[in-house]
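Here the structure is laid out as structure tokens; the discussion comes afterwards.
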Amino acid sequence: MPTVLESGSMEKAYNAGEVEEKIYNNWEKKGYFKPEVNPQGKPYCIILPPPNANGDLHFGHAMFVIEDILIRYHRMKGCQALWLPGTDHAGTETQFVFEKKLQEQGKSRFDYSREELYKMIWDYVQENRGGIDKQLRKLGFSLDWSRSKFTLDEDIVKIVKQTFRKMYEDQLVYRDYRLVNYCTRDGTSFSDLEVVNKETEGSLYYIKFPLKNGGFVTVATTRPETFLGDVAVMVNPKDKRYKDLVGQTVVLPFIEREIPIVADEYVKMEFGTGAVKVTPAHDFNDFEIARKHKLTFPPIIGFDGKMQNTKGILDGLYVKQARTEIVNKLEGAGFIEKIAPHKMVIPTCYKCKTVLEPLPLEQWYVKVQPLISNAIKSLDNKFTKIYPANFTPILKSWYAGLRDWNISRQNVWGIQIPVWYNTTGHEAEFNVSFIDKKGVSQSGSLDEVLEKGHSMEEILKGLQKVNAPITSEVVFEDEKKENGRYLPETDTFDTWFSSGQWPYVTLKTTKLGDFEKFYPTSVMETGYDILKAWISRMLMLGLYVANGQHVEDLGKIKDTVPFKDVVLHGLVNDPLGKKMSKSKGNVVNPLEVVDQYGADSVRLALVYGTALGNDQAMSYTKLDASKKFANKLWNMARFIEMAEKDTNQIFEVTDSLAELKNSIKDSVNLDWIEKTEDLSQEITAYLDKYQFNLAAERLYDFIWHDLADKYIEIVKKDSLNREGWIVLKTVYLTSLKLLHPFMPFVTEEIFQTFLGREKSIMIEKWPTVVS
RNA sequence: GGACGCUUAGCUCAGCUGGUAGAGCGCUUCAUUUACACUGAAGAUGUCGGGGGUUCGAAUCCCUCAGCGUCCACCA
């Protein structure tokens, strides 16, 4: 029964700021965010894409309102709706931020052992944690906070390590020595996906290499400084110009090293001079070629970005300086034929924009072929569907060109790759760097440092980095023999390796039975910008992890996809349509906008008028319109409430429109009930098809331009007719329920004003038409 | 060099399983001690980027061209 209203209980205008926090806290206290509010319902689950644990809310996160709409809708439909929150440790990102802080204090990561550094970053993240949760609450997100997870939670780390071990046993991960994209500033390698290719105006240098038998061969290169590491000159076997040169010997300038001229189809005759220098240690193609022709690959660029092993010619110089230096030298000695301007693409670090160097390093790789094949099966058979659909071919074409995935990162902040290397008998081949007990940095081969009197315990304690040869014996913690001498892998996993298992690891570690109940999850909703980085990895790893092995069976694939639907939203740009970025200084803080307009208005403005998957420019006029709409809703309620007060009665409402219909005599009122039934059917259909903009527009239009502008006027003219008031109030409250997923706070405030504080619109039944 | 998206009213954008166009803001006129001025009523404004095709009929499907944007790509 509705409570008796106090006279004049409603303010003239709706004040979002005053009610939102109070309402949210009440919801949470009552436990409405937990799936257990509908213990008998069908499971429905969305896993929140975990924001960085130490980050702040931005408009991308605000777009998660789509997930809240889906969750609230399904909760009202009676589902056991679980929206599971969590945060990500964001390895590279976080360590990058932290190292910047260290730098400000005049320190660097190399001043600490791994353990110390990890502890420091852990504390730093703890300090900043919780901010993002508060901010998500402000937007009204009905997340089940009792199930919140962090990627570095012990139970999660354990599963991620198990996955790795399983994959190792199944030969889906392997270790290899090959070129990686290495950032010499951040001190780590990256996967291909993290490389930002930048087009720049460079130069093509034509260098005359002297032949042993006299004469020259001219090679064209964009990287003259690397010729000191060259192992061959290569021409196309069909190239008549160089027919006689194949098999001859080149004598490299200054260092007088002799290298062969070889033939390979790979060389394009029309490019440059048709003769190319081969630098296996610092060029991806050359590396492959060198393997094929069984050439050596001496590295002349170090992990510090400085030249090395150049017989003193360029040693110690940074690559850029080295280039200028060597070009001058070559020019002075008459080895430069010409220098031509040349458009080229250089790989840069997505974090710090440093030019990435291809450097040879032992790393762990995921063998992607079997995983991709299953991921594609799940797409082709529509076990997982992507909305909007045009993102499906984008993902598939990315899969098609994917090379094995480098998951090793030379970061401390992350999940350590859980393997050990047996050094026994191979001490000379292992390189270690560590901080000794006096706090002094040491490095060298294991042999050397042991001979200097450092103990194994001391090395392990201060360990910063191990370079284990590719041939070393790999063991897991429990496989170590008592008298063995082992060094741990010091690299950590690519963050996406752990977050790629997120739907599985979260549901496995929240509440007993969650996994069985909620996996496969219903929807994965995120910005299209992480389709490749994240969605693709979850699909690849999810199928594998959930089955505990690689499966071929379609039925099993169907039952173990990490999510049935993928819903992708677009980017929120600045009011002028430009991408928001800190460096441009055009970042708008969504929380400030919430303070100004109210969470409901921000939510509505974000879904209204933008088709799914399309970018939008943040719009103040849309925010104004949304705020006016909230106020309109409020005043509609106030109108009804004032009528109740004036006539000193309560207009009783029923949940069921169908039931109400039976008792209605006036055909106009009947019409409005039917219109509302149609509305609820339309909104339901729109939501089921993820057409949030259309649902929002329809609700806005109906409530404002039908209900308020027309029906209220009709009822007003015949204000002594109680039936009209009852239908009006019922229709109004019904449309509020339909609107609730979009604007949870106003709709709740109004609902409770009419029906009492102990009721809640968020657990009301979704108005569906039973025919 | 590929792929995807966008091009619709002055501005920002919806609409696209085909039936000759919609919203918000803006503009014009009027109303108004009104639930709400964070209001209502009426109205003006568009050869739906250009060209071609399919169709009884296309903003919506196909082809093509142009401009813009985004993503991808190891060519020295």
Side-chain angles (χ1 to χ4, degrees), chain A residues 10-14 179 181 192-193 195-197 199 202 204-207 219-224 226-227 230 233-234 266-268 270-279 282-289 342 344-347 358 388 390-398 400-403 528-529 531-532 570-571 573 575-579 597 601 605 608-611 613-643 645-646 689 691 693-694 696-698 700-701 704-705 708-710 712-713 715-716:
Chain A
M10 294 181 79
E11 298 283 330
K12 199 168 175 181
Y14 174 62
L179 295 192
N181 310 296
D192 296 337
L193 191 57
V195 176
V196 176
N197 287 309
E199 200 162 286
L204 192 58
Y205 302 86
Y206 289 75
I207 308 175
V219 299
T221 180
T222 55
R223 303 207 55 182
T226 60
F227 89 79
D230 283 0
V233 166
M234 199 159 61
Y266 157 78
V267 180
K268 290 236 164 84
E270 60 281 4
F271 188 92
T273 62
V276 39
K277 61 195 254 340
V278 181
T279 321
H282 304 295
D283 182 285
F284 286 99
N285 295 312
D286 294 1
F287 187 83
E288 293 308 317
I289 303 264
H342 182 64
M344 54 193 277
V345 174
I346 50 167
N390 59 282
F391 284 102
T392 314
I394 295 180
L395 181 55
K396 279 176 68 178
S397 73
W398 185 73
L402 195 60
R403 296 186 294 184
Y528 66 75
D529 53 326
L531 176 68
K532 289 169 212 165
L571 271 43
N573 292 320
L576 296 172
K578 296 267 175 285
K579 198 168 172 168
Y597 291 89
S601 305
Y608 186 102
T610 304
N614 282 7
D615 294 350
Q616 62 176 309
M618 211 211 94
S619 157
Y620 285 104
T621 55
K622 229 155 66 171
L623 284 163
D624 281 329
S626 300
K627 198 178 172 190
K628 281 186 191 176
F629 182 55
N631 190 58
K632 188 76 183 182
L633 289 170
W634 183 256
N635 275 287
M636 290 167 78
R638 196 164 154 250
F639 173 70
I640 297 168
E641 190 238 26
M642 282 169 91
K645 204 187 98 197
D646 285 353
K689 286 188 280 184
Q691 294 177 314
N693 59 323
L694 297 182
E697 283 154 34
R698 184 75 182 89
Y700 179 97
D701 193 58
W704 197 315
H705 299 303
D709 291 350
K710 299 200 180 87
I712 281 189
E713 293 307 316
V715 174
K716 203 191 275 181

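No hydrogens, no waters, no symmetry mates; every other heavy atom, side chains included, goes into these values. Chain identifiers are assigned alphabetically (A, B, ...) following the order of the sequence lines, protein sequences preceding nucleic acid strands; residue numbering begins at 1 within each chain.
Consecutive pairing runs in RNA chain B reach the stem threshold at B:1-7 with B:66-72, B:10-13 with B:22-25, B:27-31 with B:39-43, B:49-53 with B:61-65, where a stem means at least three Watson-Crick or G-U wobble pairs with distances under 3.5 Å.
A:Asn693 is linked by a side-chain hydrogen bond (donor to acceptor under 3.5 Å, both in side chains) to nothing, counting only residues two or more places apart in sequence or in another chain. For A:Arg638, the side-chain hydrogen bond (donor to acceptor under 3.5 Å, both in side chains) test picks out A:Asn635, with sequence neighbours left out. Remark: A:Lys277 engages A:Asp230 in a salt bridge (Lys or Arg N to Asp or Glu O under 4.0 Å) (not counting sequence neighbours). The salt bridge (Lys or Arg N to Asp or Glu O under 4.0 Å) search around A:Lys710 returns A:Asp706, not counting sequence neighbours. Applying the salt bridge (Lys or Arg N to Asp or Glu O under 4.0 Å) test to A:Lys628 and every residue at least two apart in sequence or in another chain returns nothing. Remark: A:Asp529 pairs with no residue by the salt bridge (Lys or Arg N to Asp or Glu O under 4.0 Å) rule, at least two apart or across chains. Scanning for side-chain hydrogen bond (donor to acceptor under 3.5 Å, both in side chains) contacts around A:Glu713 gives A:Lys716, with sequence neighbours left out. In terms of the side-chain hydrogen bond (donor to acceptor under 3.5 Å, both in side chains) criterion, A:Ser601 has no residue partners (sequence neighbours excluded).
Under the 30°/60° scheme for interplanar angles, the aromatic rings of A:Tyr620 and A:Tyr597 are found to be tilted. Between A:Tyr528 and A:Phe391, the ring-plane angle classifies as parallel under the 30° and 60° cut-offs.
If you take atom C1' in B:C48 and the same atom in B:C36, they sit 36 Å apart, rounded to whole Å. Across B:C75 and B:G53, the matching P atoms stand 41 Å from one another, rounded to whole Å.
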Enumerate all atom pairs, one protein N or O and one N or O from nucleotides 66-69 of chain B, separated by less than 3.5 Å.
none

Check nucleotides 40-44 of chain B for protein N or O atoms closer than 3.5 Å to its own N or O atoms and list the pairs.
unit_1 : atom_1 : unit_2   : atom_2 : d
B:G40  : OP1    : A:Lys632 : NZ     : 3.4
B:G40  : OP1    : A:Trp704 : NE1    : 2.2
B:G40  : OP1    : A:Asp709 : OD1    : 3.3

Taking N or O atoms only and anything under 3.5 Å, show me the protein contacts with nucleotides 8-10 of chain B, one pair per line.
none

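Between A:His342 and A:Phe271, the ring center distance clears the sub-6.0 Å criterion.
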